[in-house]
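Just so it is clear, the structure is predicted and the values come from calculations on it, not from any experiment. Note that these values count all heavy atoms, side chains included, but never hydrogens, waters or copies made by symmetry.
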Amino acid sequence: MAGVFYFSPALLWAAQMLLAGCHAAASFEALQCEGPASTQESMCHPEDDLTDPKEVRFQVKGYTFSEPIHLIVSYDWLILQSPAKPIFEGDPLVLRCQAWQDWPLTQVTFYRDGAALGPPGPSKEISITVAQKADSGHYHCSAVLRNPGPGSPEAASPVALTVHELFRAPVLRVTPSAEPQEGKPVTLSCQTKLPLQRSAARLLFSFYKDGRTVRSRGPSPEFQIPTASEAHSGSYWCEAATEDNQVWKQSPKLEIRVQGPSSSAAPTALTPAPPQKADAPETTSTKPPEPLPPLPTPSAKDPDSFSLPQGPDPHLYHQMRVLLKQIQDMRVLLGHLVIELRDLSSHLKLETTKGPAKHE
């Protein structure tokens with residue numbers, strides 16, 4: 001059985017606790033309120049019964065409030081003392097195995113979630129220099145109470161400890177967009193938030209691009225690119241860290257692609273020149289066919305020539321160029337096929353004409 005008392009005194013409080021009896025007796029001998037407790041502005045009532053768990057608050061006009069005092073009344077031979085305030089990532093954590101009437105201890109062992117954190121030893125404290133979320137769990141200790149204690153091993157009741165996240169992994173935001181126009185300003189923002197209990201803490205931010213540091217640690221969560229160019233395209237991420245570098249977290253990567261000036265122009269549709277119809281082969285002529293005229297080359301002055309789109313997607317631009325090349329190659333092949341057909345037709349006509357002459 002345990003009772004928890006919270007004191008937020010406007011005055012100076014002195015609490016004295018006497019533990020008496022064997023194994024299961026504990027009581028308060030005195031709980032003294034010092035100060036002008038009889039004034040009308042005061043709400044100090046030391047005569048109240050403090051044997052039940054409750055929260056006692058004192059509000060006195062003109063006084064400065066101290067931090068709350070967290071008292072736990074236990075009826076065990078052994079207790080595990082832990083911090084009353086919330087524990088965050090990066091905080092030091094100290095746990096103390098305390099015996100009844102502060103009797104000496106030996107073979108002290110600390111446990112987390114039932115697993116020993118080390119071999120038995122004489123130290124009544126265990127320290128975690130930099131707490132992490134993985135340190136959360138149920139802790140307890142065991143020890144042997146020496147003379148004048150019973151000399152038998154005892155175990156404390158488990159205490160639940162939670163290491164809270166100091167801040168979430170940051171998120172990298174870009175303004176105006178992840179595909180800004182060349183020549184325009186770009187702002188990268190590394191966004192995260194500290195909890196209210198640690199709002200006074202200070203974070204430092206750094207920015208990276210393609211594995212290189214583009215801005216080292218500083219207090220500003222923003223990184224400015226005054227004039228964006230294609231050289232600024234790449235994979236960006238940011239990092240937020242405490243001043244002592246005990247806690248640091250990185251954001252997911254963000255791809256930024258700066259668009260060139262021509263990207264803003266509307267894409268021009270493909271307007272290939274109409275295919276030229278091949279002349280039918282003359283059946284009475286043995287004259288070798290003339291080669292086809294050369295293919296027209298794209299020209300800005302020729303409206304009937306092929307024109308390439310200047311769209312914002314470079315991959316689409318490349319695919320259209322490949323398609324245009326394939327069309328041109330196909331036209332060349334068709335031209336060669338027409339020439340071959342003409343040659344074959346002329347050869348067949350010559351064979352037909354010579355055959356009857358030899359028979360006569």
note = Residues Ser82 and Leu95: closest non-hydrogen pair is CB-CD2, 3.6 Å
task = Could you check Tyr208, Tyr236, Trp237, Phe207 and say which one makes a ring pair (Phe, Tyr, Trp, His ring centres under 6.0 Å) with Phe223?
result = Phe207
message = One pair to check against side chain to side chain contact (heavy atoms under 4.5 Å, CB included): Ser220 and Arg215. What are the steps and the verdict?
response = CA-CA 10 Å; Ser220 175; Arg215 201 203 74 180; 3.9 Å; yes
request  = To the nearest 0.5 angstrom, please state how far the OG1 atom of Thr106 sits from the CG atom of Leu145.
outcome  = 10.5 Å
inquiry  = In this structure, would Phe167 and Phe88 fall into the same cluster of hydrophobic residues linked by side-chain contacts under 4.5 Å?
reply    = yes
Results of salt bridge (charged side-chain N to carboxylate O under 4.0 Å, His left out) for Arg212 - residues two or more places apart only = none
task = Find out whether His140 and Arg112 are in side-chain contact, i.e. whether some heavy atom of one side chain is under 4.5 Å from a heavy atom of the other.
result = no
request  = Quickly, which of Lys249, Lys133, Arg198 forms a salt bridge (Lys or Arg N to Asp or Glu O under 4.0 Å) with Glu89? Name it, please.
outcome  = Lys249
request  = Check salt bridge (charged side-chain N to carboxylate O under 4.0 Å, His left out) between Glu179 and all other residues, then give those that pass, not counting sequence neighbours.
outcome  = none
ask   = Donor-acceptor pair, Thr242 side chain versus Val247 backbone, under 3.5 Å?
value = yes
note = In short, disulfide (SG to SG under 2.5 Å) pairs touching residues 181-241 with sequence neighbours left out are Cys190-Cys238
request  = Mind listing the closest non-hydrogen atom pair of Val108 and Pro122 along with its distance?
outcome  = CG2-O, 4.3 Å
key: salt bridge (charged side-chain N to carboxylate O under 4.0 Å, His left out) partners of Arg173, counting only residues at least two apart   = none
task = Please examine the side chains of Val130 and Asp91, heavy atoms only from C-beta on, and report whether any two atoms are closer than 4.5 Å.
result = no
query = Going by distance alone, is a donor N or O of one side chain under 3.5 Å from an acceptor N or O of the other, for Gln224 and Thr187?
reply = yes
task = Salt-bridge test for Glu230 and Arg257: reply yes if a basic N is under 4.0 Å from a carboxylate O, no otherwise.
result = no
inquiry  = Taking the side chain as everything from C-beta on, heavy atoms only, tell me whether Leu203 gets closer than 4.5 Å to Thr192.
reply    = yes
task = Starting at NZ of Lys209, measure out to CD1 of Ile225 and round the result to the nearest 0.5 Å.
result = 9.0 Å
ask   = For the residue pair Ser229 and Val258, what are the closest heavy atoms and their distance?
value = O-CG2, 3.2 Å
ask   = Atom CG in Leu337, atom CZ in Arg342: separation rounded to 0.5 Å?
value = 11.0 Å
message = Does any part of the side chain of Pro104, heavy atoms only, come nearer than 4.5 Å to the side chain of Arg146, both counted from C-beta?
response = yes
request  = Could you grab the distance from atom CZ of Arg96 to atom OG of Ser127, nearest 0.5 Å is fine?
outcome  = 11.0 Å
inquiry  = Please find the pair of heavy atoms, one from Ala156 and one from Leu80, that lie closest to each other, and give the distance.
reply    = CB-N, 3.8 Å
key: Minimum heavy-atom distance between Asp210 and Ser233, given as atom pair plus value   = OD2-O, 4.2 Å
ask   = Can you list the residues that meet the side-chain hydrogen bond (donor to acceptor under 3.5 Å, both in side chains) rule with Ser142, with sequence neighbours excluded?
value = Tyr111
task = Can you sort out the partners of Ser157 under side-chain hydrogen bond (donor to acceptor under 3.5 Å, both in side chains), two or more places apart, ordered by chain and number?
result = Asp76
message = Would you compute the distance between atom CD of Glu165 and atom OG1 of Thr162 and round it to the nearest 0.5 angstrom?
response = 13.0 Å
task = Would you kindly confirm whether Leu194 and Trp248 end up in one hydrophobic cluster when ILVMFWY residues are joined by side chain heavy atoms under 4.5 Å apart?
result = no
key: Close side-chain approach of Phe110 and Cys97, heavy atoms under 4.5 Å   = yes
inquiry  = Contact between Leu254 and Val174 at the side-chain level, heavy atoms closer than 4.5 Å - yes or no?
reply    = yes
key: CD-CG distance between Gln328 and Leu323, expressed to the nearest 0.5 angstrom   = 10.0 Å
ask   = Going hydrophobic residue to hydrophobic residue with side-chain gaps under 4.5 angstrom, can you get from Val163 over to Leu166?
value = no
task = Consider only side-chain heavy atoms of I, L, V, M, F, W and Y, link residues closer than 4.5 Å, and tell whether Leu93 and Val159 are in one cluster.
result = yes
Side-chain heavy-atom pair Ser189, Thr175 within 4.5 angstrom cut-off = no
ask   = Any Lys/Arg nitrogen of Asp244 or Arg202 sitting under 4.0 Å from an Asp/Glu carboxylate oxygen of the other?
value = no
Smallest separation among heavy atoms of Thr109 and Ala116, with atom names = CG2-CB, 4.0 Å
hydrophobic_cluster_shared for Val171 and Val214, side chain cutoff 4.5 Å = no
ask   = For Glu239 and Arg217, what are the C-alpha separation, side-chain angles and deciding distance, and is it a side chain to side chain contact (heavy atoms under 4.5 Å, CB included)?
value = CA-CA 8 Å; Glu239 179 183 284; Arg217 286 184 177 177; 2.8 Å; yes
ask   = How about Lys124 and Asp102: do any of their side-chain heavy atoms sit closer than 4.5 Å?
value = yes
ask   = Which of these passes side-chain contact (heavy atoms from CB on, under 4.5 Å) with Tyr139: Asp113, Leu161, Ile126?
value = Leu161
